[in-house]
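One-based numbering, in listed order, for ligands and for the atoms of each.
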Amino acid sequence: MTDSEKKVRVRFAPSPTGYLHIGGLRTALYNYLFARKNGGVFALRIEDTDRARYVEGAVESLIKSLEWAGLQWDEGVYEKSKVESQKLKVTESVNYSGIVEVGDFGPYVQSERLELYKKYAEQLVADGKAYYCFCEPKRLEEMRETQIAEKKAPMYDRYCLANLSADQINEKLKESCPVTIRLKVPRDEEIEFDDMVRGKIKFSTNTIDDQVLLKSDGFPTYHLANVIDDHLMEITQVIRGDEWLPSTPKHILLYRAFGWEIPQYAHLPLLLNLDRSKLSKRQGDVAVEDYLAKGYLKEAILNFVAMLGWNPGEGSVQEIFGVEELIEKFELTKVHKAGAVFDLKKLDWINGQYIKKLPDEELIKNALPFFEQKEFYKTWSMAHGAWSNVEKEDYLKKVLTVEKERLAKFADVGEENKFFFQDISYEKEALRWKTNSDDETIASLKTAQNVLGEIAENDWVLAKIEEKLLAAAGDKRGDLLWPLRMALTGAQKSPSPFECAWVLGKVEALKRVSDAIKKI
Ligand code: GLU
């Protein structure tokens with residue numbers, strides 16, 4: 001079968017070391033887009049052989065985050081409650097309760113495949129491509145220190161390969177001495193591969209250590225398990241973060257040792273902070289769930305993440321892409337080599353674009369949980385205990401209609417416009433437009449009072465309020481509108497007085513205007 005006829009099969013293979021990192025989401029997304037675009041399969045595999053880094057609950061949380069993102073995968077691990085057992089071939093995960101595995105290439109959890117890794121590692125030993133190593137940690141440490149002191153790159157010195165006879169090895173194995181299996185890396189060879197993003201990459205085998213494949217606790221290393229699984233799961237493209245690029249030569253050597261076909265590689269650019277250092281927790285949030293908690297929309301996060309290192313081509317200025325459009329336009333060959341700067345301002349802007357487009361019902365559904373966490377809202381809600389939930393929601397909808405043009409994320413709701421929820425206070429002087437006198441200010445406020453007073457309560461709509469006030473102001477807009485806006489909000493910056501009056505409602509708006517008149 002030629003490469004072009006082969007069915008595309010890609011995978012996202014996270015290690016359960018915590019939350020889903022924003023970079024992990026990008027890797028998953030690119031795999032998903034590539035699979036969908038090419039009519040391929042997208043699998044989710046759990047790489048949990050590094051027990052020291054395992055975090056309880058991480059598998060479940062990774063699955064939840066990917067589900068939330070809507071990156072529907074076709075094979076691998078799933079939450080049991082989400083899978084209709086009668087329809088598919090479903091196996092319960094042995095190591096994780098509540099998790100099931102679906103697909104013909106399982107298990108999809110590496111800790112459930114230990115026998116397999118052992119078998120393949122021993123096969124390499126039998127073929128002379130790998131060897132047993134009984135060196136104790138103390139010896140390895142001393143060797144390393146000497147090499148470093150001599151300014152040499154630390155590498156295993158092949159003591160066990162050079163010094164142990166077959167009988168000695170068998171003896172040690174029989175005595176169950178702690179043992180690892182190491183790859184016998186061929187010397188003096190040049191190896192080259194073509195990365196779909198990075199282009200041609202060359203390396204000399206002399207820079208590669210005889211890496212451990214199977215550890216003394218019987219667990220494989222990442223390299224061994226990753227290669228065996230990608231081969232057995234018939235993965236055609238390995239799409240992963242740049243941090244795995246240094247491992248790729250080791251993987252290629254393993255494919256060669258096994259005599260297996262090497263998949264195509266695509267290493268995605270590093271994510272950088274604004275100062276171009278590697279994106280780190282210290283400089284901001286890196287977990288996908290942190291962004292959810294701040295009220296970024298899924299569509300906006302996916303849109304933003306898709307553009308971390310990709311755009312549809314030279315000269316394209318388009319920045320808003322829905323998932324369907326991304327599937328259509330995405331190409332690995334257009335992924336950038338250079339690191340991608342993680343610019344929160346860009347995320348805010350993209351999120352703002354999506355917020356603006358939300359229908360009222362969606363807007364309130366997203367915003368309500370955030371309002372409910374705010375002290376100013378809790379106090380307001382209590383003070384309006386006589387209002388029904390529907391009345392409260394209607395009020396919030398108005399606030400949101402006014403705010404949505406400027407809202408970057410739902411965590412910010414109401415923050416800039418607390419005067420919709422609180423009594424206001426301001427200095428009398430703030431009511432004055434330019435050099436107007438007190439009398440002129442009072443006159444303006446009285447005009448506003450009359451205009452607003454004449455609008456019937458059932459006619460209290462934004463367009464009407466605006467029309468009437470503008471007509472009354474004529475060409476002296478500042479004189480009328482400045483004191484009114486200040487009377488309604490007490491704030492230096494706020495939405496227009498029309499919008500504020502509309503949200504506050506006739507009764508409250510008139511009360512605030514008459515309070516202002518009394519102040520002067
Ligand atoms: N388990 C690795 C990780 O946590 C996966 C690397 C790969 O995709 O090959 O990112």
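- From the protein, the heavy atom lying nearest to atom 3 (C) of ligand 1 is W244 CZ2, 3.4 Å.
- The nearest protein atom to atom 8 (O) of ligand 1, hydrogens excluded, is given as R11 NH1, 2.7 Å; this is a heavy-atom distance.
- Interface of E47 with ligand 1, defined as ligand atoms under 4.0 Å from a residue heavy atom, comprises 1 (N), 2 (C), 5 (C).
- In terms of protein heavy-atom proximity, atom 5 (C) of ligand 1 is nearest to A13 O, 3.1 Å.
- R276 contributes atom CZ, which lies 15.0 Å from atom CZ of F342 (distance to the nearest 0.5 angstrom).
- Residue, atom and distance of the protein heavy atom nearest to atom 6 (C) of ligand 1 are Y222 OH, 3.3 Å.
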Residues R139, D157; criterion salt bridge (charged side-chain N to carboxylate O under 4.0 Å, His left out); working and verdict: CA-CA 11 Å; R139 177 178 184 275; D157 60 4; 2.5 Å; yes

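- To the nearest 0.5 Å, the span separating SG on C133 from CD1 on I181 amounts to 10.5 Å.
- Atoms of ligand 1 lying under 4.0 Å from at least one heavy atom of N226, given by number and element, are 7 (C), 9 (O).
- Aromatic ring orientation, F42 versus Y32: perpendicular (interplanar angle above 60°, classes split at 30° and 60°).
- A side chain to side chain contact (heavy atoms under 4.5 Å, CB included) with L268 holds for exactly one of V335, L308, N31; it is V335.
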